[in-house]
Amino acid sequence: MVQMGSPIDLFEANNLMSQLVKSKNLAQAHQLFEIMPQRDEVSWTTLIGGHINGSQPFEALALFSRMREEGTRIDEFVLSLILKACGTTNQLKQGESLHGFSVKTGFVNCVFVGSAILDMYTKTGCISKSRDVFHEMPQRNVVSWTAMMTGLVNSGHAKEALLYFSKMWASKIDVDSFTFATALKACADIDALLIGKEIHSQSIKLGFDLNSFVGNTLTTMYNKCGKLEYALRLFERMPIRDVVSWTTKIAGFTQKGCENEALQAFIQMRKVGVSPNEFTLAAVISAIAGLGSVHLGMQLHAHVMCHGPRHPLLTSVDGYHDVKPA
DNA sequence: TTAGGGTTAG
């Protein structure tokens, strides 16, 4: 359309850009954005959202300052997105300033913006501010509740998170797989086996136990509560076993001192074609350390050097590249 | 045509 010089309607161009973002064609979406004869807040929001979902929060923040320089209207859509970017990049100052803007403009009362503000505070380590925002929200939904619970769990307040879960349950809010995964992580953190079992049976009733996030957190919970056999049974029944499921199984064995079983699970995982990540390798290295086998350790070391993953945890160790495994 | 929350290691 551009090459042929046909005039592009703003709505059409936004629509096209949205399709490009959805099909992960971020570069083309950006190109289109730059040559659009006119842009509105939807154009900016679409591109900013594409960068955030494509793990480029700093680019999203840069676009947002351009958006402000051009005097484009800031609405609740772009506010939610930028608050999220502030959280993931730990920009508390900008997050606070956007919170102030939301109060002044009244967008703070929008449940999307309110949830995004409380999430921004939990990610920047201000849990008490999250609590304040949560309690001042005129309306809350499953996302607000879950974001609050997640913040509490991640700041070491698992017990309080479970309190919120029971309040949420009592207020008849529709819980979902996100809520269950968070509540189960809270149980795992404080060895709350009985509550965990209760939440497990509720998740079965609602069908969320088949969700891989819930299933993986359930096995972690049983492992941490010392119920390795439950975790193993659950693993067998999982419809999809991803890298997290396998890593949880390997770590479960390692933590119980069953290093050989851990290594067998790792071999099995490789056989069925699941690629390990840095978490898996850390768990396997721990198993090998437990066995005290220099030979196996060197084998794994070589494997990591040849196949990666090239993660800071594995590559930033001093002298790492000087070590020559057999 | 645009927006929010979740899992695994040490």
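Residue numbers begin at 1 in each chain, while the letters A, B, ... track the order of the sequences.
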Return no unless some side-chain N or O of Lys84(A) is found under 4.0 Å from OP1 or OP2 of dG5(B). yes
From CE of Met149(A) across to C1' of dG5(B) the rounded distance in Å is 10 Å
Check the distance between dT2(B)'s P and Gln19(A)'s CD and give it to me in whole angstrom. 8 Å
Among dG5(B), dG4(B), dT7(B), which nucleotide sits nearest the side chain of Val244(A)? dT7(B)
Check every strand shown and say whether Ser115(A) touches a base, only sugar-phosphate, or nothing at a heavy-atom separation below 4.0 Å. base
Decide yes or no on side chain to side chain donor-acceptor pair (under 3.5 Å) for Asp176(A) and Asn211(A), but give the supporting numbers first. CA-CA 10 Å; Asp176(A) 61 15; Asn211(A) 173 283; over 6 Å; no
Whole-Å distance, Asp209(A) CG to dG6(B) P, equals 21 Å
Going by modelled atom types, is there a donor-acceptor pair between the base of dG5(B) and the side chain of Thr146(A) at under 3.5 Å? yes
Is any N or O donor-acceptor pair between the side chain of Asn216(A) and the base of dT7(B) shorter than 3.5 Å? yes
Rounded to the nearest Å, what distance is computed from the CZ atom of residue Arg39(A) to the C1' atom of nucleotide dT2(B)? 16 Å
How close do Ala188(A) and Lys224(A) get, heavy atom to heavy atom, and via which atoms? O-CB, 3.7 Å
Can you confirm whether the side chains of Asn260(A) and Gln264(A) place a donor and an acceptor under 3.5 Å from each other? no
So what does Asn141(A) touch, heavy atoms closer than 4.0 Å: a base, only the sugar-phosphate, or nothing? base
Report which part of the nucleic acid Val142(A) touches: base, sugar-phosphate, or nothing (heavy-atom distance under 4.0 Å, all strands). base
Answer whether the closest heavy-atom distance between the side chains of Leu232(A) and Phe253(A) falls below 4.5 Å. yes
Hey, does Val78(A) reach any base, or is it just sugar-phosphate, or nothing, if we go heavy atoms under 4.0 Å? nothing
Could you state the CD-P distance from Glu278(A) to dA9(B), rounded to the nearest angstrom? 12 Å
Return the nearest nucleotide to the side chain of Asn277(A); candidates are dT2(B), dT7(B), dT8(B). dT8(B)
Closest listed nucleotide, where the reference is the side chain of Thr220(A) and the choices are dA3(B), dT8(B), dT2(B): dT8(B)
Starting at atom CZ of Phe11(A), determine the distance to atom C1' of dT1(B), rounded to an integer number of angstrom. 5 Å
If I take atom CG in residue Leu118(A) and atom P in nucleotide dA3(B), what distance separates them, rounded to the nearest angstrom? 19 Å
Run the numbers on Phe33(A) and Trp44(A) for ring pair (Phe, Tyr, Trp, His ring centres under 6.0 Å), then give the verdict. CA-CA 8 Å; Phe33(A) 176 85; Trp44(A) 286 98; 4.8 Å; yes
Hey, are Thr220(A) and Asn223(A) close enough side-chain-wise for a donor-acceptor pair under 3.5 Å? no
Give a yes/no verdict on a cation-pi contact between Lys167(A) and Tyr164(A), requiring under 6.0 Å between NZ or CZ and the six-membered ring centre and an angle within 45° of the axis. yes
Using a 4.0 Å heavy-atom cut-off across all strands, classify Ala116(A) as base, sugar-phosphate, or nothing. nothing
Thr150(A) side chain: which of dT2(B), dG6(B), dG4(B) is closest? dG6(B)
Does Asp242(A) form a side chain to side chain donor-acceptor pair (under 3.5 Å) with Ser245(A)? I'd like the steps, not just the answer. CA-CA 5 Å; Asp242(A) 60 15; Ser245(A) 325; 2.8 Å; yes
Under the 5.5 Å and 30° test, is Phe112(A) stacked on the base of dA3(B)? yes
Would you indicate what Val214(A) reaches in the nucleic acid, counting non-hydrogen atoms under 4.0 angstrom: base, sugar-phosphate, or nothing? base
Interface with DNA chain B, restricted to residues 173-197 of chain A and to heavy atoms under 4.0 Å: Asp176(A), Ser177(A), Phe178(A), Thr179(A), Ala181(A), Thr182(A), Lys185(A)
Nearest-Å distance, CD1 (Ile74(A)) to C1' (dT2(B))? 13 Å
Winner on side-chain proximity to Ser80(A), out of dG6(B), dA3(B), dG10(B), is dA3(B)
